Amino acid sequence: MAAEKITSRAKDYSQWYLDIVNRAGLAENSDVRGCMVIKPHGYAIWEKIQRALDRLFKDTGHVNAYFPLFIPKSFLAREEQMAEGFAKECAVITHHRLKAIPGGGVEVDPESKLEEPLIVRPTSETIIWNTYRSWVQSWRDLPLLINQWANVVRWEMRTRLFLRTAEFLWQEGHTAHATQQEAEEEARRMVEVYRHFAEEWMAMPVLVGPKSEGQKFPGAVYTLCIEAMMQDKKALQAGTSHFLGQNFAKAFDVTFQNPEGKREYAWATSWGVSTRLIGGLIMTHSDDQGLIVPPRLAPVHAVIVPIYKTETERAAVLEAANKLAESIRDLPLREWLNYEPVTVRVDDREQYQPGFKFNEWELKGVPVRVELGPKDLAKGACVLARRDLPGKEAKEAGVPLTKAAVRIGEMLHAMQTALFERARKFREENTYEVNSYDEFKKKIEEPGGFLLAHWDGTRETDERIAAETKATIRCIPFDRQKEAGKCMVTGRPSEGRVVFAKAY
RNA sequence: CGGGGCGUAGCUCAGCUUGGCUAGAGCGCAUGGUUCGGGACCAUGAGGUCGGAGGUUCAAGUCCUCUCGCCCCGACCA
């Protein structure tokens with residue numbers, strides 16, 4: 001049988017991405033325009049992401065709550081920038097009832113028109129700050145450190161599985177503080193939580209820093225972001241943390257009395273990451289054989305493929321496989337895995353041959369594969385293969401069964417590190433300093449990647465570059481070098497380089 | 001939302017130009033058998049309102065109109 005290969009990255013990167021999502025069983029398009037079905041394997045990754053992040057949020061003092069899916073239309077209008085930013089992509093609910101048509105079908109009951117239409121939340125600042133009004137009376141009520149796990153809807157014109165869908169899953173943190181300084185510290189703290197998560201869990205290196213004025217979130221005073229480079233050298237905004245100033249407190253009249261008895265507006269932040277992270281995970285690590293998932297987020301850490309011909313061999317191999325599986329499950333990785341279990345699967349399906357199973361588990365991104373057959377058993381050993389080191393050459397043969405579990409534990413750690421290092425190296429190799437706009441225009445097309453260039457800090461120049469080159473300022477990294485220079489477009493002074501790239 | 005491409009079996013597609021009999025292939029699926037260390041093979045079988053609606057015609061997968069969806073490129077965006 002001809003192997004069903006996935007499209008190579010070199011041939012067609014977009015198709016490769018779709019093939020991975022499809023063949024690894026992560027998600028599929030639904031019959032609802034722009035909305036995806038997240039399949040069990042994809043959702044399992046999301047659950048790992050959720051649990052790791054949720055712990056990080058709890059560890060930084062946050063609690064979860066839940067606010068409504070529907071928001072009165074008028075709320076959006078209360079904050080001008082937000083209304084402007086989201087008006088074009090809101091789903092609107094105008095009626096609350098259907099009625100059956102005699103003979104079949106249903107139609108909207110015109111009698112059920114809502115007095116005030118509701119919108120489906122594109123983000124929840126408005127409904128949450130409207131609620132905070134009654135929660136915040138005194139400086140003693142602050143800070144409010146609340147997160148919610150939710151779905152949101154943005155009526156996108158052009159969607160791509162995980163990267164941009166009309167409905168997506170995310171978390172949104174919404175905090176209220178007594179002082180500007182505390183709110184700004186919070187925004188910074190949470191973008192650092194995102195950095196930590198991206199790098200330590202997703203093995204995805206990120207740049208961290210503020211967005212330019214033109215790229216910030218509607219309603220924010222400023223937006224901090226984590227920004228990653230995908231394997232096609234395009235940038236992906238992977239998470240944002242916003243300092244919202246007193247914009248929402250003023251729009252929703254959220255005030256408190258300070259210790260001196262004076263009334264003040266509260267200070268706000270909001271921060272979020274979404275199922276888009278799964279798209280980032282795919283495009284950071286996966287290869288032409290399929291998905292690669294960093295061990296700390298892998299739904300299945302190791303799979304054992306038993307190999308046998310006869311019934312006698314089968315019994316012996318499966319017994320050894322199950323015993324090995326138990327010893328892997330007992331590995332002391334619980335803390336490293338956020339107290340999630342080490343998951344091992346013995347693939348004892350009869351209808352597939354070993355070669356087929358090897359390919360299938362590679363497609364699904366399981367970090368370590370164990371091959372165990374009669375020849376190994378005779379030596380009391382097994383064969384180990386690490387997903388990020390593909391090909392027969394990279395297999396470790398003759399690993400004693402007594403030491404296999406420990407070796408697998410080492411491999412999981414090594415793979416987590418190796419994926420991060422490989423991605424970091426890739427980003428570094430595709431990041432260039434450019435010093436003139438001509439050079440910029442050439443390099444953004446070929447070779448592409450992240451371009452570090454001087455910019456005069458104005459919105460006009462930002463927009464002009466975006467319009468002329470399709471590249472945007474992705475981030476003004478916190479850790480950039482101070483370097484006096486001149487804007488590559490206007491020649492006006494600049495105090496350091498910013499990161500430009502084409503982006504998702 | 002603008003430009004281009006495509007909708008036929010679970011998947012990938014042929015058939016449409018030039019309308020004509022019970023609409024095809026490969027993969028997948030089911031059953032039985034042989035296999036099993038990198039995507040096995042044989043046999044038998046199930047599976048299709050040809051995206052949807054309307055129209056032209058003796059006759060429509062094929063021609064016309066409308067519509068829905070998907071993919072690619074742009075504008076917008078997490």
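Every chain is numbered from 1 and lettered A, B, ... according to where its sequence line falls, protein lines coming before strand lines. None of the values given here were measured: they were computed from a predicted structure.
Using a 4.0 Å heavy-atom distance criterion, A:Lys357 is classed as making no nucleic acid contact. In this structure, A:Ser274 reaches the bases: a heavy-atom distance under 4.0 Å links it to at least one base atom across the strands shown. Contacts of A:Thr165 with the nucleic acid, taken as non-hydrogen atoms under 4.0 Å apart, include base atoms. Contact annotation for A:Gln15: no contact, since no heavy-atom pair falls under 4.0 Å across all strands. Residue contacts shown for A:Phe217 are absent, as no nucleic acid heavy atom lies under 4.0 Å away. Heavy atoms of A:Leu163 sit under 4.0 angstrom from at least one base atom. Looking at heavy-atom distances under 4.0 Å, A:Arg369 makes contact with a base. Contacts of A:Val383 with the nucleic acid, taken as non-hydrogen atoms under 4.0 Å apart, include base atoms. Contact annotation for A:Lys211: no contact, since no heavy-atom pair falls under 4.0 Å across all strands. When heavy atoms are screened at a 4.0 angstrom cut-off, A:Gly34 is found touching the sugar-phosphate backbone but no base atom. Within 4.0 Å (heavy atoms only), A:Asn22 reaches no atom of the nucleic acid at all. In this structure, A:Glu371 reaches the bases: a heavy-atom distance under 4.0 Å links it to at least one base atom across the strands shown.
Across the strands present, B:rU49 finds no partner; the criterion is a Watson-Crick or G-U wobble pair with both atom distances under 3.5 angstrom. Base-pair partner of B:rA30: B:rU44 (Watson-Crick or G-U wobble, both distances under 3.5 Å). B:rA75: no Watson-Crick or G-U partner with both key distances under 3.5 Å is found in any strand. The nucleotide B:rU35 finds no pairing partner, because no Watson-Crick or G-U wobble arrangement with both distances shorter than 3.5 Å includes it. If you check B:rU62 for Watson-Crick or wobble pairing at under 3.5 angstrom, you find it has no partner at all. Across all strands shown, B:rC6 forms a Watson-Crick or G-U wobble pair with B:rG69, both key distances being under 3.5 Å.
Residues A:Thr240 and A:Val191 fail the side-chain proximity criterion, which asks for heavy atoms closer than 4.5 Å.
Aromatic ring orientation, A:Trp129 versus A:Tyr132: perpendicular (interplanar angle above 60°, classes split at 30° and 60°).
Among the nucleotides B:rG39, B:rA75, B:rA78, the one closest to the side chain of A:Met157 is B:rA75. When distances are taken from the side chain of A:Ser14 to each of B:rC72, B:rG38, B:rG39, the shortest belongs to B:rC72. You'll find that the side chain of A:Phe356 is closest to B:rG39, out of B:rG39, B:rC36, B:rC76. Residue A:Gln353 places its side chain closer to B:rA40 than to any other of B:rG38, B:rC73, B:rA40. In this structure, the nucleotide among B:rC36, B:rC76, B:rG38 sitting nearest to the side chain of A:Glu362 is B:rG38.
Using modelled atom types, one finds a donor on one side chain and an acceptor on the other under 3.5 Å when comparing A:Asp347 with A:Trp361. Using a 3.5 Å distance cut-off with no hydrogens or angles, the side chains of A:Glu167 and A:Thr165 do not pair a donor with an acceptor. With 3.5 Å as the limit, one finds no donor-acceptor pair spanning the side chains of A:Arg459 and A:Thr461. Side-chain contact, A:Ser212 with A:Asp462: a donor N or O sits under 3.5 Å from an acceptor N or O. A:Asp12 and A:Thr7 are not linked by any side-chain donor-acceptor pair at a separation below 3.5 angstrom, with hydrogens and angles left out of the test.
Comparing the same atom, C1', in B:rG24 and in B:rG48 gives a spacing of 11 Å after rounding to whole Å. Nucleotides B:rA43 and B:rU67 are separated by 46 Å at their C1' atoms, to the nearest Å. Between the P atoms of B:rA30 and B:rA59, the separation comes to 43 Å (whole Å). A gap of 15 Å separates the P atoms of B:rC64 and B:rU56, to the nearest Å. Between B:rG2 and B:rU49, the two P atoms lie 33 Å apart (nearest whole Å). Across B:rG74 and B:rU17, the matching C1' atoms stand 32 Å from one another, rounded to whole Å. Annotation: B:rG52 and B:rU8 have their C1' atoms spaced 14 Å apart (nearest Å). Comparing B:rC6 with B:rU12, their P atoms are spaced 16 Å from each other, to the whole Å.
Between A:Phe217 and A:Tyr222, the ring centre distance reaches or exceeds 6.0 Å.
Rounded to whole angstrom, the span from the CG atom of A:Asn29 across to the P atom of B:rG51 amounts to 19 Å. Look at CH2 on A:Trp16: it is 17 Å from P on B:rC71, rounded to the nearest Å. A:Leu161 places its CG atom 19 Å from the P atom of B:rA78, with the value rounded to the nearest Å. One interatomic measurement links the two molecules: CD of A:Gln351 to P of B:rU35, which rounds to 18 Å at whole-angstrom precision. In this structure, the OH atom of A:Tyr17 is 12 Å from the P atom of B:rC71, given to the nearest Å. Between the CG atom of A:Asp19 and the P atom of B:rC72 there is a distance of 11 Å, given to the nearest Å. Rounded to whole Å, atom C1' of B:rC70 lies 17 Å from atom CD of A:Glu156. Rounded to an integer number of Å, the gap from CG of A:Asp12 to C1' of B:rC72 is 9 Å.
Taking the nucleotide of RNA chain B with the nearest heavy atom to each of A:Gly391 and A:Tyr352, the more 5' of the two is matched to A:Tyr352.
At least one side-chain nitrogen or oxygen of A:Arg158 sits closer than 4.0 Å to the OP1 or OP2 atom of B:rC73. In this model, the phosphate group of B:rG37 is not approached by any side-chain N or O of A:Lys392 to a distance below 4.0 Å at OP1 or OP2.
Interatomic distance, A:Tyr43 OH to A:Glu47 CD, rounded to the nearest 0.5 Å: 5.5 Å.
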